[in-house]
Amino acid sequence: MCGIVGYVGERRAAPLLLDGLRRLEYRGYDSAGLAMVTPLSPDGPGKGYGLDVIRRVGFVAELVKAVPEDLPGCTGVGHTRWATHGGVTEINAHPHVDAVERIAVIHNGIIENFASLRAHLEEEGVEFRSETDSEVLAHLIRKFYAGDPVEAVRSALAVVTGTWGIAVVFADHPEMIVASRNGSPLVVGKGDGETFLASDPHALASYTRSIVYLEDREIVKITREGWEISRLDGRKVSHAIEELGLELGSSEKGTFPHFMLKEIHEQPESLSRCLLGRVVPETGGAKLGGFDLSPREIVGIRRLGILGCGTSFHAGLVGALAMEQLARLPAFAEIASEFRYRNPVISSDDLFFAISQSGETADTIGAVQEAQTKGGRVMGVVNVVGSTIARTCARGVYVHSGPEIAVASTKAFTSQVAALLVASLMFGRSRMLGPAEGRAFGEDLLGVPERMRGWLETYGMAHTGPIVDAVELLIKARFVFFLGRGVSAAVAMEGALKLKEVAYIPCMSYPAAEMKHGPIALIDKQTPVVAIVPDDVMRDKTLSNVQEVRARGARVILIHTEGDHEAARLAEVAIPVPRASALITPLLSVLPLQLFAYRAGLALGRDIDRPRNLAKSVTVE
Ligand code: M6R
């Protein structure tokens with residue numbers, strides 16, 4: 001979603017800010033802008049400083065064209081905006097300035113009381129230029145400004161409710177940025193005689209590895225020499241500098257035309273990384289050190305809730321089924337945005353997993369806070385190291401997918417599923433699962449990366465064959481059904497989500513038996529139905545459902561276990577995936593669905609890595 005970068009130092013800031021904004025492009029946005037503190041006279045700063053604000057609708061490339069190559073100024077802030085309040089226009093793009101254009105503000109998040117603040121400021125004679133909630137910040141800071149930038153921002157934020165990551169520059173203070181966070185991440189980074197600011201450490205990776213994450217309700221004064229952090233209530237705080245992980249630097253496309261394709265093909269490696277050292281064949285069990293739970297504590301858990309959004313929620317559905325099967329632990333997965341507001345009943349022996357690729361999803365953070373408020377224990381299952389969810393949950397595990405840049409999540413899904421399967425094995429061995437069953441499951445899991453690699457070598461880049469045939473059917477469809485049962489119902493949901501978000505093809509997913517309770521009325525002779533039918537205990541039942549849609553003319557694309565020729569015969573297009581035990585099948589059956597979305601998106605000319613209206617991390621609720 002929206003991105004923030006800032007720089008104070010000795011170099012010209014504009015190229016650094018534009019580079020930082022480019023690195024944040026993957027998060028999704030619809031306009032971009034920057035504000036530079038520049039000398040008022042071309043002869044130098046003798047006549048003081050002013051602000052240069054440049055904004056453009058569209059990609060950062062448009063902003064790059066608009067920014068003069070020799071734009072002076074060694075202090076500035078840059079922003080990518082994902083519209084919430086007000087349309088996608090240049091006027092609504094950030095930065096926003098005060099009436100006399102001496103203060104510029106960029107803002108991520110939502111100011112919830114902006115309407116009343118705006119009305120109040122308008123009564124005082126302030127004229128607003130944009131429709132955004134963020135503009136109130138510029139005018140409020142001006143109102144409270146009496147020479148001290150930090151105190152002005154602090155006073156302005158005292159009357160604001162909502163979420164923010166903000167960065168503010170003042171023409172009167174040409175070597176300073178003031179920033180604050182509440183629910184929207186910010187990180188500061190130290191260089192030699194220069195200091196950086198960003199909403200995502202990706203933007204800083206080429207400039208510094210010494211960083212500090214701000215906490216909620218903190219405010220920071222940033223200068224060339226470093227930073228001073230305090231709480232909004234005035235208390236001073238200091239944070240130890242952390243080292244930015246090396247993996248953050250490797251977010252390049254390489255030889256692949258799109259990040260999504262690269263990330264699909266990275267799955268054998270990302271999955272191996274996720275499993276490394278965690279499955280213990282000797283004991284038939286597993287170890288996730290980050291959970292730090294003794295067998296006795298595991299036995300004491302009465303219920304597990306897995307909270308997440310989108311693809312992460314789908315991984316959670318698989319995890320909940322695995323936890324029930326392997327550990328006989330009552331488990332459910334729930335969409336975080338629903339959980340956080342339904343006043344859930346939580347007891348102290350409930351355990352929750354907050355599952356998130358980015359670790360910054362606002363609704364998942366809200367669900368974590370709700371569970372913690374009610375005394376539940378929450379552990380993170382997160383990809384991005386050091387992210388808000390990782391830090392908010394006292395314990396947790398990283399899924400180690402590496403940077404996922406495409407908006408459509410692929411490798412994070414398989415790593416999330418794998419991490420939850422490992423957790424189920426670990427919990428299972430302390431509860432109901434015997435060593436032989438545990439060993440067999442663990443060994444099957446450890447063999448998946450190789451099976452994935454083989455499958456991707458055969459089908460991943462093929463120019464002919466069943467994936468191509470299936471995509472031919474899908475791109476002509478008015479809408480597509482995805483069906484499955486058990487863990488394959490979760491895979492069906494994931495396949496439908498991928499095709500919607502990347503190819504913009506309307507899709508529905510249903511547990512297969514549910515079709516006859518209504519949705520089957522939609523089937524006609526044009527309707528592709530993607531059925532996920534691994535050779536598990538539900539195979540025959542699901543094949544009966546496939547027969548039902550076939551009988552009504554549906555064009556069946558069937559994902560089946562290698563060698564299951566009887567199932568394959570029911571399909572117009574049959575796609576085999578390697579055999580695996582039932583709970584593990586999602587790691588393999590999702591691969592063709594990811595390729596469907598990628599190839600259909602490509603055929604339809606979609607913006608594969610940055611689909612319209614979407615953001616990589618959804619930092620507003
Ligand atoms: O970063 P998170 O895993 O918390 O993100 C959750 C969803 O926003 C995300 O999975 C989204 O659904 C993806 N774009 C799906 O491909």
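Since this is a predicted model, take the numbers as computed values, not measurements. Both counts, for ligands and for their atoms, begin at 1 and track the order of listing.
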| message | Closer than 3.5 angstrom, by distance alone: can the side chain of Arg278 be matched with the main-chain N or O of Ala286 as a donor-acceptor pair? | response |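 No; judged by distance alone, with no hydrogens or angles, the pair does not exist.
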Looking at ligand 1, does any of its N/O atoms fall within less than 3.5 Å of an N/O of [X]?
| X | value |
| --- | --- |
| Ser356 | yes |
| Gln357 | yes |
| Val407 | yes |

| said: Looking at every non-hydrogen atom in both residues, tell me the closest pair between Ala320 and Ala333 and how far apart they are. | reply: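 Between these two residues, the closest heavy atoms are CB-N, 3.9 Å.
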Report, in ascending order of atom number, the atoms of ligand 1 lying under 4.0 Å from any heavy atom of [X].
| X | answer |
| --- | --- |
| Ala408 | 16 (O) |
| Ser358 | 1 (O), 2 (P), 4 (O) |
| Ser312 | 2 (P), 3 (O), 10 (O) |

In terms of side-chain heavy atoms, does [X] have a donor or acceptor partner in [Y] at a distance below 3.5 Å?
| X | Y | result |
| --- | --- | --- |
| Gln267 | Thr410 | no |
| Gln357 | Thr311 | no |
| Asn383 | Lys411 | no |

| Would you call the rings of Phe481 and Phe479 parallel, tilted or perpendicular if under 30° counts as parallel and over 60° as perpendicular? |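 Answer is perpendicular, since the angle exceeds 60°.
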| Can you tell which of Thr311, Asn383, Val381 gets a heavy atom nearest to atom 11 (C) of ligand 1? |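 Closest candidate by heavy-atom distance is Thr311.
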| message | So, 4.0 Å and heavy atoms of Lys498: is ligand 1 close enough to count as a contact? | response |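 It does, in that a heavy atom of Lys498 comes within the 4.0 Å cut-off of ligand 1.
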